[in-house]
Amino acid sequence: MQSSKAEPSTAPVSLLDIGRGNAPLRDQVLRRLAEIYDAGCFIGGPDCKELERRVAEFCGVSHAIGCASGSDALLLALMAYDIGHGDEVICPSFTFFATASAVTRLGARPVFVDIDPVTFQIDPNLIAERITARTRAIIPVHLFGQCADMQPILDLASRYGLKVIEDAAQAIGAEYRGRPACSMGDVGCLSFYPTKNLGGCGDGGMMTALDPAVADRLRKLANHGMHPRYHHGEVGINSRLDTFQAAILAIKLEHLNGYAQARRTHADRYRETLADRSETLGISLPSEAPGCHHVWNQYTIRVHGDRRDAVRDALKSEGVGSEVYYPIPIHRQECYRSLGWPAGSLPHTETACREVLSLPVYPELTEAEQHRVIDALVRATSARRARAAA
Ligand SMILES: Cc1ncc(COP(=O)(O)O)c(C=O)c1O
C-alpha cells in the first residue's frame, strides 16, 4: 500500500505479488503456526471456529462453515439441496470452471446464460428464458470482485422456487445495494485460494448460510455426512479447512478492508489516468455498477479489435504482467462439447473471452509501478492501433 512518487523505472511489474503482501505478517503468522504445530491440533479447533464466526460477521450472515476450497463450497451447496441427476442449474459461462463443474460432478446439467457486456456479470434479463421444469438453482458469480445484479435474480428465484447459490469466490467484501456478498442467496461460497482478496497459504473455502438447518446440513456433508460421530445418515465428502489455514486467514482478515481500499485506489488511478484516452487506445475500462461496492479482485479491461494477445505480448516484453481471465468460455470447453453449445450461442461471453485483459491491481502495488503499467499499456495499445489503421 506504499505510495511512492512515480519515477521512471524498468523493473518488472508482476500481475500479483503474494510474497510482498504476506511479508509484513510473517512473524505473526509463523508464531501462531508454531503454536499450532506444538499443540498438534491440525484439524478443527478454536482457530477454525473463530474464523467461521468472524467471516459470518464480516458477511452479515448467521452461519459460516469452513471447507477445503471454493470448488468444494459450490459442490456442497448444491448437495445441500439434493441437486443431481435430471436437474438443471443456471450459471454464467464467463467464469472459472469450478462454477459449472460442481453442477456436472453431481450429475446435473449446467445451463449457461450470457453476460452483461459492461459489467461482465450474468445478465438477469436472459435468465427467465432458460428456466425449465428441471431448473433447481441459479449460481450468480460475483466476477472480478463485483456483485452480480442480484435483485432481479432473487426475484426470479422466488417466483420460480429456485435456490440461489452465490459464487463469491472472487468477491469477499463486495456489496450490492448495501448488502454484502454471501448474504443474499441461500448459500454463499468463498474461496481462500492465495490470489483471492482473502487468500490463504494453500487451498481453503467457506460456505455461508442464513438458515440454521442448511448450515447444519452443509457442516455434516463436509464431514462425510457424519453425525453423531461414526453415524452416517447420508454420504458426504471430506472437505475441511485445516487449522493452519484458518489461523493464517484470521490474521489476514484483520487487514481485508485495508487491502480492498488499496485495490479501489489503484482502480481509481487507472480510471483517472486512462479514461480520457481509452477510446483512442481502443480499450474499455471496467467500472463500478451503480449501487455496487467493487473490491477489484481483478482489474479487467477490454482490448478491442483482436489485438488483445499482441498487447499482452508487448506488455510482457516490457516486463509488465497481465492475465486473461478467461480465454475459453465454459460452454466451449472440450469436456462440455456434449452439452451442445455451438460457437456464437453466448455472443457477449465469447467476445469477452477474446478481449479481456487483467492488469496488476494487488494492494501493495506502488504508484510508480502502476504508472509503469499504464505507460506500457499506452505504448502497446497505441502502437497496435496505428498499425491496424495503416
Ligand atoms: C469464480 C470462482 N469460482 C470458484 C472458484 C474455485 O475456488 P477454489 O480455487 O478455492 O476451489 C474460483 C477460484 O479460482 C473462482 O474464481
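Every number for a ligand or one of its atoms is a count from 1 in the order of the listing. Throughout, residue positions are numbered sequentially from 1 according to the sequence presented.
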| query | Of C91, P140, C189, which is the lone residue that meets side-chain contact (heavy atoms from CB on, under 4.5 Å) with I165? | reply | C189
| query | Are L126 and Y160 co-members of a hydrophobic cluster defined by side-chain heavy atoms under 4.5 Å apart? | reply | yes
| task | Under the salt bridge (Lys or Arg N to Asp or Glu O under 4.0 Å) rule, collect the residues that match up with D313, sequence neighbours excluded. | result | none
| Can you find a heavy atom in the side chain of R332 that is under 4.5 Å from one in the side chain of C353? | no
| field | K196 vs I172 side-chain heavy atoms within contact, under 4.5 Å | value | no
Would you mind writing out a table of all protein N or O atoms found under 3.5 Å from any N or O atom of ligand 1, naming both atoms and giving the distance to 0.1 Å?
| residue | atom | partner | partner atom | Å |
| --- | --- | --- | --- | --- |
| ligand 1 | 3 (N) | D167 | OD1 | 3.2 |
| ligand 1 | 3 (N) | D167 | OD2 | 2.8 |
| ligand 1 | 7 (O) | S191 | OG | 3.4 |
| ligand 1 | 10 (O) | G70 | N | 2.8 |
| ligand 1 | 10 (O) | S191 | OG | 2.7 |
| ligand 1 | 11 (O) | G70 | N | 3.4 |
| ligand 1 | 11 (O) | S71 | N | 2.8 |
| ligand 1 | 11 (O) | S71 | OG | 2.5 |
| ligand 1 | 14 (O) | K196 | NZ | 2.7 |
| ligand 1 | 16 (O) | Q170 | NE2 | 2.9 |
| ligand 1 | 16 (O) | K196 | NZ | 3.2 |

| query | Which word best sums up how the rings of H331 and W341 line up, parallel for under 30°, tilted for 30 to 60°, or perpendicular for over 60°? | reply | perpendicular
